[in-house]
Number of protein chains: 2
Amino acid sequence: MKNSKKRSDCPISSSLDIWGDKWSLIIVRDLMFAKQCTYGDLLKSEEKIATNILASRLQSLEENGIISKSDHPDSKAKFLYKLTQKGIDLLPLMVEINLWADKYYELPAKRKEELKEVKKDKEQYIKTALSNLKQVIS
Amino acid sequence: MKNSKKRSDCPISSSLDIWGDKWSLIIVRDLMFAKQCTYGDLLKSEEKIATNILASRLQSLEENGIISKSDHPDSKAKFLYKLTQKGIDLLPLMVEINLWADKYYELPAKRKEELKEVKKDKEQYIKTALSNLKQVIS
DNA sequence: ATAAAACACTTGCAAATCGCAAGTAATATT
DNA sequence: AATATTACTTGCGATTTGCAAGTGTTTTAT
């Protein structure tokens, strides 16, 4: 995931150049759920990302303006990673991934329940979720 | 992209296990635009996928039920690749990728024009596009 | 009928990336 | 002052990528 140059002007291709790998959207997901995470928080996620890969993805996501890194208010040893507006705007995309997976795969009951709400009124759900996320932006 | 086992039950993670790489959604994109492609058609796409990578991705997409391979009606030397219903159902996701990229990157004028239509009435656009794609399913 | 071209891949191989384990430097806790 | 946390970095073998060339079948041209 190093200095990946643009393969073409196509929006799909340009997007994949940035987050088209197995880990970037996992990090985005964690930040959408938790609003803000430390490096250690992200390491703990279920999929067990390797520490060097996490570091490289965080750098790439920051370079591409999807996340921001800021000082932790309580400790100089920690940093906070948050989504930027550009990262928050990936929410509709994340919702669609969820809905697609819900249609074709077995999901945990808890997740399925949450998606019921989404399906009830997608527009409204996204609107609410977006404004919730926006409040955390530094 | 070989026999990738599931990292977790999360819908994002499950989805990325299947198409979370730099090439799979490029192939899906081409099939959405062209409705059906031969191997050679896909090789010609702007991003210049390597032939061995194309072969491996086609196999993986077929194994995962996103695309289907069928005989070409005009020639025994050719095969047709098409989206399955599961592949077609990635359309809303592809639309959101386009809209996100449209917001944050410079797109070709032609593509921007097409997206104007989408933004005018997203629901309707998707509905129409889905039924257009559905007609091609073998 | 035969040779050349087209088509869909496969193979070989060097280079890049991944992922595990261990290490480092700064800060925090005891 | 010693130990633990935190956020990474480094080393290294294994896997994946991407380029180039090759293979086998079918189609087209002569």
A:Leu58 atom CG is separated from D:dC8 atom C1', nearest whole Å, by 10 Å
Taken to the nearest whole Å, CD/A:Gln59 to P/D:dT10 is 12 Å
Rounded to whole Å, CD1 of B:Ile49 lies from P of C:dA8 at a distance of 14 Å
Separation of D:dC12 atom C1' from A:Ile53 atom CD1, nearest Å, is 13 Å
Separation of D:dG11 atom P from A:Asn52 atom CG, nearest Å, is 13 Å
Inset, instruction - Using only heavy-atom distances, determine whether the side chains of A:Thr51 and A:Tyr39 contain a donor-acceptor pair under 3.5 Å. - result: yes
note: A:Lys78, atom NZ; C:dA26, atom P; distance rounded to Å ~ 19 Å
Are B:Leu31 and B:Phe79 connected, step by step, through hydrophobic side chains (Ile, Leu, Val, Met, Phe, Trp, Tyr) whose heavy atoms are closer than 4.5 Å? no
From NZ of A:Lys48 across to C1' of C:dA21 the rounded distance in Å is 16 Å
Heavy-atom closest pair (A:Glu106 atom, B:Lys6 atom, distance to 0.1 Å) is O-NZ, 4.1 Å
Just call it for A:Thr51: base, sugar-phosphate, or nothing, with non-hydrogen atoms closer than 4.0 Å on any strand. base
Check: C:dA26 phosphate, OP1 or OP2: any side-chain N/O from A:Tyr39 under 4.0 angstrom?
Finding: no
Looking only at C:dA8, D:dC8, D:dT17, the nucleotide nearest the B:Thr38 side chain is C:dA8
query = Counting any heavy atom closer than 4.0 Å, what does B:Lys69 reach on the DNA or RNA strands: base, sugar-phosphate only, or nothing?
reply = sugar-phosphate
Between CG of A:Leu42 and C1' of D:dT5 the distance, given in whole Å, is 16 Å
